[in-house]
Number of protein chains: 2
Amino acid sequence: MIAKKQHPLVESFVDRLEAGGHRVTGARWAVARAVARQRGHFAADALAQELPGVGRATVFRNIKLMVEMGFVCRVLLGDGRLRYQISHRGHHHHLICSDCGRSEDLLGCDLDSILQDRAADHDFAMEGHWLEVYGRCRACRPQEAAA
Amino acid sequence: MIAKKQHPLVESFVDRLEAGGHRVTGARWAVARAVARQRGHFAADALAQELPGVGRATVFRNIKLMVEMGFVCRVLLGDGRLRYQISHRGHHHHLICSDCGRSEDLLGCDLDSILQDRAADHDFAMEGHWLEVYGRCRACRPQEAAA
DNA sequence: GATACTCGCGATACCAAGTATCATTATGAT
DNA sequence: ATCATAATGATACTTGGTATCGCGAGTATC
């Protein structure tokens with residue numbers, strides 16, 4: 001155990017590790033703390049570079065673990081690249097600015113029943129969906145001409 | 001020009017090439033015909049392997065061209081892999097069976113206004129969205145117990 | 001049909017993101 | 001303190017795609 005008060009994300013991750021019978025290692029503290037430091041989305045490789053003391057493979061392994069545990073989610077950028085991002089638990093989507101790349105969570109998805117019906121029309125039993133919304137945030141928009 | 005009657009996809013692609021001042025080359029015929037042969041989604045590399053006479057880079061270049069022209073679209077599989085697929089023109093989504101991987105087009109997207117509103121709540125001007133729906137097709141579903 | 005201009009091709013090398021392998025080490029249970 | 005083994009780090013590999021560049025094939029012009 002490390003002394004100082006940690007970011008809540010780090011603490012919950014460690015709790016989940018202990019609860020799940022995973023070992024709490026130095027590398028895991030380091031990765032969790034690095035993830036907690038991120039603002040917005042980040043690439044796994046970039047995170048690895050922030051952690052010269054931790055092997056690249058280990059960074060990838062632990063990000064994957066955090067994705068599986070729901071602490072981190074994947075974000076699909078407009079150009080098709082995949083990034084990671086601290087996740088609100090539960091189902092949600094992202095609003096991604098196509099200019100500055102900033103991404104915001106879109107909580108409370110109400111598409112499920114709509115899509116369920118559409119899927120049923122095709123004789124599919126819907127199990128889930130993935131949605132990313134692209135747009136331009138206030139800061140990246142030329143001041144719209146008011147009336 | 002090649003003699004035989006071609007698949008409509010191939011013909012429209014060639015038309016668009018000519019219209020856009022692109023050259024109509026042997027490699028482009030080959031790629032277009034190979035794409036037209038595909039059922040469901042396919043990987044660019046797999047297509048390249050079907051075309052030993054055509055360079056890998058050329059296959060990728062021409063798939064990209066067909067994506068830009070709207071003849072082919074990208075499909076995001078449940079596990080995060082990207083595939084290509086013959087596209088219905090215009091905005092649409094996919095219904096992907098998480099069991100057999102089969103994908104069907106979901107035409108007529110009516111989410112735009114909903115999402116536009118949700119984005120506006122976050123002070124974003126929505127420009128587009130990407131949606132994939134995952135489920136289980138009739139064939140991959142254990143016969144549901146009728147009442 | 002011959003000429004020339006240049007786009008597109010193929011080979012190759014490269015890149016980015018992620019996974020497999022495996023000997024070594026540190027963790028947590030006893 | 002000991003021990004079994006999960007996790008690590010180094011490295012090689014894989015997958016999917018892009019950049020480079022000399023060469024050859026398309027197309028327009030004569």
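Letters go in sequence order (proteins before strands), and every chain restarts at 1.
Put simply, NE2 on A:His41 is 16 Å from C1' on C:dA17, counting in whole angstrom units. In this structure, CZ of B:Phe60 is placed 12 Å from P of D:dT15, rounded to the nearest angstrom. To the nearest angstrom, P of D:dG17 lies 11 Å from CZ of B:Phe42. Between the C1' atom of D:dT27 and the CD atom of B:Glu18 lies a distance of 11 Å, rounded to the nearest Å. Between A:Asp45 atom CG and C:dT19 atom P there is a gap of 12 Å when expressed in whole angstrom units. Taking atom CG of A:Leu47 as the reference point, atom P of C:dA17 lies 13 Å away to the nearest angstrom.
Taking a cutoff of 4.0 Å between a charged side-chain nitrogen and a carboxylate oxygen, A:Glu18 and A:Arg16 do not qualify as a salt bridge. B:Asp110 and A:Arg118 are joined by a salt bridge, as a carboxylate oxygen and a charged side-chain nitrogen come within less than 4.0 angstrom of each other.
Listed by chain and number, the hydrophobic cluster partners of A:Leu76 are A:Val75, A:Leu77, A:Leu82, A:Ile96, A:Trp130, A:Tyr134, B:Val75, B:Leu76, B:Leu77, B:Leu82, B:Ile96, B:Trp130, B:Tyr134, where partners are ILVMFWY side chains within reach of under 4.5 Å, directly or through others. Grouped with A:Phe60 in a hydrophobic cluster is no other residue, since no side-chain heavy-atom contact under 4.5 Å to another Ile, Leu, Val, Met, Phe, Trp or Tyr is found.
Qualifying side-chain hydrogen bond (donor to acceptor under 3.5 Å, both in side chains) partners for A:Asp105, counting only residues two or more places apart in sequence or in other chains: A:Gln85, A:His88. For A:His94, the ring pair (Phe, Tyr, Trp, His ring centres under 6.0 Å) criterion is met by A:His92, not counting sequence neighbours. Partners of A:Asp121 by salt bridge (charged side-chain N to carboxylate O under 4.0 Å, His left out), not counting sequence neighbours: none found. Taking B:Asp45 as the reference, B:Arg56 meet the salt bridge (charged side-chain N to carboxylate O under 4.0 Å, His left out) condition, with sequence neighbours excluded. The side-chain contact (heavy atoms from CB on, under 4.5 Å) search around B:Ala36 returns B:His7, B:Leu9, B:Val10, not counting sequence neighbours. Applying the side-chain hydrogen bond (donor to acceptor under 3.5 Å, both in side chains) test to A:Gln38 and every residue at least two apart in sequence or in another chain returns A:Glu50.
Residues of residues 64-83 of chain A that place a heavy atom closer than 4.0 Å to DNA chain D do not occur.
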Tabulate below the donor-acceptor pairs under 3.5 Å that side-chain atoms of residues 61-72 of chain B make, not counting sequence neighbours, or state none.
unit_1	atom_1	unit_2	atom_2	d
B:Arg61	NH2	B:Thr58	OG1	3.2
B:Asn62	OD1	B:Arg28	NE	2.9
B:Asn62	ND2	B:Thr58	O	3.1

Nucleotide by nucleotide, nucleotides 4-14 of chain C touches protein heavy atoms under 4.0 Å in the pattern (B base, S sugar-phosphate only, - none) --BBSBBB---

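The bend of the helix from C:dG1-D:dC30 to C:dT30-D:dA1, defined by the angle between the axes of its first five and last five pairs, stands at 40° to the nearest 10°.
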